[in-house]
Amino acid sequence: MKITHISSLACLLLGVLFLSCGQAKPNIVFIYLDDLGYGDVSAYEAGSLETPNMDRLVNGGVKFTNGYASSATCSPSRYAILTGTYPWRNENAKILPGTAPLLIDAAQYTLPRMLQDHGYTTGIVGKWHLGLGSGDVNWNEEISPGPNQVGFDYSYILAATQDRVPTVYIEDGQVVNLDPNDPIEVSYEENFPGEPTAIDNPELVEMKWHHGHNNSIINGVPRIGFMKGGDAAKWSDVDMADHFLEKAQRFVRENATLDQPFFLYYALQQPHVPRTPHPRFEGKSGMGPRGDVILEADWVIGEFMKTLEESEILEHSLIVFSSDNGPVLNDGYYDKAVEKLGDHTPTGPLRGGKYSLFEAGTRVPFATYWKGSIDPGVSDALVTQIDLMASIGALIGAEAKAPDSQNLWETFMGKSQKERSEFILEATTKTALREGDWVMIPPYPGPAVQHQVNIELGNAEEYQLYHLEEDIGQQHNLAKRNPEKLREMIKKFEEIRGT
Ligand code: NG6
Ligand code: CA
């Protein structure tokens, strides 16, 4: 912490937190990627992808090597980061279709609501994927409840995922550019008569589907779910990165000059499928579209950082950089992600990937950056995205009211190695316990490998116990050799899970 950030030295001597001494609360920005792996960032794993702007955040701040998303899939992780609550406490916290109702109870306390209550202007730009409405959304009217009802003053979102309908942007509950004469209809059950699908009209498909993704075709890309109408409102896939960047920059510029601090949840869509880089990035990685969209995301982050700098607020802004779950190569389209991978290792040294109980499912790139206030460093402390709510609460003097969320503020500031003693990680509703350097995965039925995506899920007939410090790649199941440790961890797991 720099003395320049403290209004008087007396505060320091008294041991009073600097924010209570008249220092304005910092702006807070989450830069949250979608399916970006631990090894996809060159600051984590020097590979064949160069990500200089992500590296600037990671190497210029605290780089966490044991930083976790709460789930190996998207909606549960996003639920957890915004509520400070374990996703497995909510039985509906699964990968949501585009028509799912809002997953967050409107009465539930959330991180953006907490920030609002403490003087922040709050905004979300990018992927939502937490459901909208109460079960039967009319996309042609105001869509509510949604982000604006759970703590965001401003929202500019894609409802679910880039591969799911409706393929439109929604700003503060209204579909953008909607022509009332061409209303939108959406269904995840059945097609609308006469509308083309990837099965019936393969000649219209420009990106071939591998599994799933064979319903409505939009911009030549077959999607999950059926959609009719709303032609003028449909997004352009290749322009999505620029589009969200422009909205995020506008939010920053509009709020930079005000006395109030802001919170921006900037949820980038890359490198989730369909991977549709802008032509400027096509072929740039030599790894096909997956590599290209990671380079695109890296560029976006650089441009976004420039906006903070030009607005003269970089030193007043805490940035949290992370990903919602681990990497996947083939996630349902033929896009050469496997064939062109070369030497690149999206999982780094970790086993598994997206959807997996193994480490690569949930251990993700995770860094806190605050120019002038956080000294660069590497932390091996066990931290999770659930902890951001209580930790940020501690920073701004707010009560998080989220019992699962732990105050690790000093760790996020790089001032302490204080960590969680344990963490329950989740993957497609299955859970495992990390405690200290150990992880225990209970037996689960189901395939060991999900062959379509070629990822080991962590399912096995027996208990698995790994010592991550010695065996980060989870190659040696120590359950039989350590019955004592196993028993202790099963007990702890059952206590926390309440089973
Ligand atoms: C899966 C999709 C996958 C992706 C995922 C959600 C199929 C076969 N697979 O069901 O492509 O959309 O859901 O990803 O449909 S997430 O990052 O939003 O969790
Ligand atoms: Ca994801």
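Read the numbers this way: they start at 1 and go in the same order the structure lists the ligands and their atoms.
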Worksheet entry | Y154 side chain to E171 side chain, donor-acceptor N/O pair below 3.5 angstrom | yes
Discussion item. Within the 4.0 Å heavy-atom shell around I224, which atoms of ligand 1 are there?
Written reply: 15 (O)
Item to complete: For D34, counting its heavy atoms only, list the atoms of ligand 1 lying under 4.0 Å from any of them.
Response: 17 (O)
Worksheet item: Which is it for T161 and ligand 1 at heavy atoms under 4.0 Å: side chain, backbone, both or neither?
Response: side chain
Worksheet item: Is it the side chain, the backbone, both or neither of Y355 that has a heavy atom closer than 4.0 Å to ligand 1?
Response: side chain
Worksheet entry | Numbering as shown, the atoms of ligand 1 that approach T73 to under 4.0 Å (heavy-atom distance) | 19 (O)
Response to the item:
Taken by chain and residue number, the protein N/O/S atoms under 3.0 Å from the Ca ion (ligand 2) read D34 OD1, D35 OD1, D324 OD1, D324 OD2, N325 OD1
Practice prompt. Tell me, please: is G332 in heavy-atom contact with ligand 1, that is, under 4.0 Å?
Written response: no
Worksheet, complete the sentence: Of D331, I95, V453, the one whose closest heavy atom lies nearest atom 11 (O) of ligand 1 is D331
Fill in: Atoms in ligand 1 flagged as close to C74, the criterion being non-hydrogen separation under 4.0 Å
16 (S), 17 (O), 18 (O), 19 (O)
Practice prompt. Show which atoms of ligand 1 fall inside a sub-4.0 Å distance from at least one heavy-atom site of D163.
Written response: 3 (C), 4 (C), 11 (O), 12 (O)
Worksheet item: For atom 1 (C) of ligand 1, which of H213, Q452, H129, R164 has the closest heavy atom?
Response: R164
Discussion item. When you measure from the heavy atoms of K127 to every atom of ligand 1, does any distance fall below 4.0 Å?
Written reply: yes
Worksheet entry | ligand 1 atoms in contact with N325 (distance to a heavy atom under 4.0 Å) | 17 (O)
Item to complete: Give yes or no for whether the N/O distance cutoff of 3.5 Å, strictly under, is met between D35 and ligand 1.
Response: yes
